[in-house]
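These notes are about the structure you will find just below.
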Amino acid sequence: MKKSALQKARASYQPKLPIVLTGPVKAVAGKPTQSVANQTEINELFPCTYGLPEIKFEKNTAPTAGKPVNVGVILSGGQAPGGHNVISGLFDGIKKIHRDSRLFGFIMGPGGLVDHKYIELTAPIINEYRNTGGFDIIGSGRTKLETKEQFDKGLEIIRELGINALVIIGGDDSNTNAAVLAEYYKANNTGVQVLGCPKTIDGDLKNDLIETSFGFDTATKVYSEMIGNIQRDCNSAKKYWHFIKLMGRSASHIALECALQTQPNICIISEEVEAKNLTLQQVVDQIAEVVAARAAEGNNFGTVLIPEGLIEFIPAVKALIAELNDLLAAKAEEFAAVAADKQREFIISNLSPENAATYESLPHGVARQLSLDRDPHGNVQVSLIETEKLLSEMVGKRLAAMKAEGNYKGKFSPLHHFFGYEGRCADPSNFDADYCYALGFNAACLINSGVTGYMSSVRNLVKPAVQWIAGGIPITMMMNMERRHGEMKPVIQKALVRLDGAPFKKFAAQRKDWAYNTCYVYPGPIQYFGPAEVCDQPSLTLQYEHKGK
Ligand code: FBP
């Protein structure tokens, strides 16, 4: 495989490990835990893995002789920078337990376990992928593991390969899978451990003990570089309004982090839109007001950041989606049999009058997207909805009305962007390279300590890597009950942007200035070599969250 000069130089980067993981460790158990909500239901559903204690690794003075372990690893869901380093950390960790340990990678996500598709990950393979972006070492997929048949099929290959532990690297839905699988294998006394690692660029898998999911840092740095470049361009030509949609599913963490890094004129935060019970038109009016005020100063240019999940947070649309989810689950067969040109009518006639009215008020393309297939976990595929175009079109109409009333004099030329896939496979920043390697290495320590149903946890992340704290948290601790495909299911609770959190407050305190004045910041590209203040800084979200504690 031909390599770029940067790839060659980056291959020799040695990720930093928390000091505690550099020698023998002992697992110190804390207090028993409970789920974030619905304790009774979650306890009943996870009788073998509920209430386990949090674990912290401490230095062990007496080195223990380890036995070889065979481990299976799965990359699950959307790509996130650093996945290859989780795998290399895991590889090095199990080799440290015993040099005869073996690592098997299941191909193309959880489906590889069920279909028995795997490769053995040997040192030469691992070495090719150290510090690189992407999930291409084994591929990823979104198959949901939920049936007994899938678990049993998985167990067949686990037995055949003599696998002791499975590590699932994924987001909230994939780690929910990991918890369900851990429970099943424990309840059936299989002796197979199942562990999770917190992955997702969306940044919505976090709590006090999982401070951030990996990939968020790199992806937001890539998007911020591009936003900065756009801002410099628009400040040079002064003739375009850029509507930039950012990936991140429901949560607005990515948009917020990029706003903190680049200081755009406008950044919409979905969680605030919901809290203030805003309609789409009110959001549009607010943007139009800023466009008009800037135009009055002769500034017919600007940037608007839009989280991709915005539409789901408009309260009326949220109610519509909830009813659509139930309707499409209950009448799946009937709906599938309806001809494409009659589906709109079918939906409208089956919805409550209020939701039918919301459905009809949306542009046809957006309404159609809301009624299309959910992903395997029941999520609306928000990345496919062109919210940036919808908003700029509505802002254009509003400005035309304001012009007619004599309240706007200016020129409005919008351009559209969607940043998502551009950042998911970037070479991990130093932060993600170190964090991921530590997460993988730490997962090996969890395997060695015999636990199951845990997520690898590395924290104290604003401090230098040597001071990071390593351990594990029971996945059931992060769960609550939510409605999916029309049924109540145990799932990991999504961490949305907190309006009382330090990152949002920091943004809210400055956004007026950013709107009317031009305060752009140009972060530039990720740097892998150079001074620590340029290369090793964690995300501003993480930094402000820590300061806010
Ligand atoms: P995960 O939750 O699996 O980490 O996915 C992240 C994400 O990039 C979302 O931001 C986005 O909405 C979605 O994946 C896109 O899905 P796909 O990769 O299937 O197009």
Side-chain angles (χ1 to χ4, degrees), residues 74-84 86 108-111 133-136 138-145 168-178 196-206 210 212-223 226 244-258 270-271 305-313 321 366 369-370 372-388 417-426 428 432 435-436 439 455 475 478 482 484 491-497 539 541:
I74 296 174
L75 288 164
S76 181
Q79 286 71 254
H84 290 159
V86 180
M108 298 309 288
F135 278 6
D136 43 319
I138 46 175
S140 184
R142 292 200 184 276
T143 304
K144 184 165 171 58
L145 294 179
I168 299 183
I169 302 171
D172 50 347
D173 291 325
S174 313
N175 275 285
T176 298
N177 281 348
C197 271
K199 168 237 74 166
T200 179
I201 60 160
D202 301 347
D204 58 2
L205 176 56
K206 63 175 172 184
I210 303 291
T212 187
S213 53
F214 79 75
F216 176 77
D217 186 81
T218 310
T220 52
K221 282 180 173 137
V222 172
Y223 305 145
M226 294 194 292
I244 306 166
K245 184 175 79 164
L246 291 157
M247 250 191 188
R249 254 186 228 290
S250 307
S252 308
H253 296 293
I254 290 185
L256 179 57
E257 170 67 22
C258 293
S270 307
E271 291 82 345
L305 306 191
I306 306 155
E308 71 171 3
L310 172 67
I311 200 86
E312 283 186 307
F313 282 77
I321 292 174
V366 175
Q369 193 57 52
L370 294 183
L372 287 184
D373 282 352
R374 304 299 186 247
D375 78 1
H377 299 273
N379 304 306
V380 176
Q381 300 192 52
V382 281
S383 59
L384 302 178
I385 301 178
E386 293 185 314
T387 330
E388 68 284 20
H417 314 266
F418 169 35
F419 296 153
Y421 299 100
E422 294 82 347
R424 297 201 311 183
C425 283
D432 269 329
Y435 181 42
C436 290
L439 282 171
M455 192 182 288
I475 303 177
M478 303 169 75
E482 283 177 25
R484 297 284 172 99
V491 290
I492 292 180
Q493 192 177 55
K494 259 193 206 313
L496 299 176
V497 168
S539 68
T541 302

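Each ligand, and each atom within it, is numbered from 1 in the order the structure gives.
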Item to complete: Can you see which heavy atom on Ile74 is nearest to which on Pro110, and at what distance?
Response: CG2-N, 3.5 Å
Worksheet item: Tell me, which protein residue and heavy-atom name are nearest atom 2 (O) of ligand 1, and how many Å apart are they?
Response: Arg249 NE, 3.2 Å
Discussion item. On a heavy-atom basis, which atom in Ala80 and which in Phe214 lie closest, and how many Å separate them?
Written reply: O-CE1, 3.6 Å
Worksheet entry | Side-chain heavy-atom pair Arg484, Thr176 within 4.5 angstrom cut-off | no
Response to the item:
Looking only at protein heavy atoms, what sits closest to atom 4 (O) of ligand 1 is Thr200 OG1, 2.8 Å
Item to complete: Can you see which heavy atom on Lys199 is nearest to which on Leu205, and at what distance?
Response: N-CD2, 4.2 Å
Worksheet item: Where is the tightest heavy-atom contact between Asn175 and Cys197, given as atom of each residue plus distance?
Response: ND2-O, 3.4 Å
Discussion item. As a check for students: among Asp202, Asp173, Asp204, identify the option with a heavy atom nearest to atom 9 (C) of ligand 1.
Written reply: Asp202
Worksheet item: Numbering the atoms of ligand 1 from 1, which are under 4.0 Å from a heavy atom of Gly77?
Response: 3 (O)
Worksheet entry | Heteroatom distance test (Gly248, ligand 1): nitrogen or oxygen, under 3.5 angstrom | yes
Discussion item. Using every non-hydrogen atom in the two residues, find where Glu422 and Met226 come nearest and quote the distance to one decimal.
Written reply: CB-CE, 3.7 Å
Discussion item. Any nitrogen or oxygen of Tyr421 lying under 3.5 Å from a nitrogen or oxygen in ligand 1? Just yes or no.
Written reply: yes
Discussion item. Less than 4.5 Å apart, side chain to side chain, heavy atoms only: is that true for Thr200 and Phe216?
Written reply: no
Worksheet entry | Subset of ligand 1 atoms that lie under 4.0 Å from at least one heavy atom of Lys199 | 1 (P), 3 (O), 4 (O)
Worksheet item: Between Glu308, Arg424, Met247, which one has a non-hydrogen atom sitting closest to atom 12 (O) of ligand 1?
Response: Glu308
Worksheet item: Does ligand 1 have an atom under 4.0 Å from some heavy atom of Gly78?
Response: yes
Worksheet, complete the sentence: Minimal heavy-atom distance between Leu246 and Phe418, with the atoms involved, is C-CE1, 4.3 Å
Worksheet entry | Winner among Gln79, Lys494, Arg142 once heavy atoms are compared against atom 14 (O) of ligand 1 | Arg142
Practice prompt. Would you check whether Ile201 has a nitrogen or oxygen atom less than 3.5 angstrom from a nitrogen or oxygen atom of ligand 1?
Written response: no
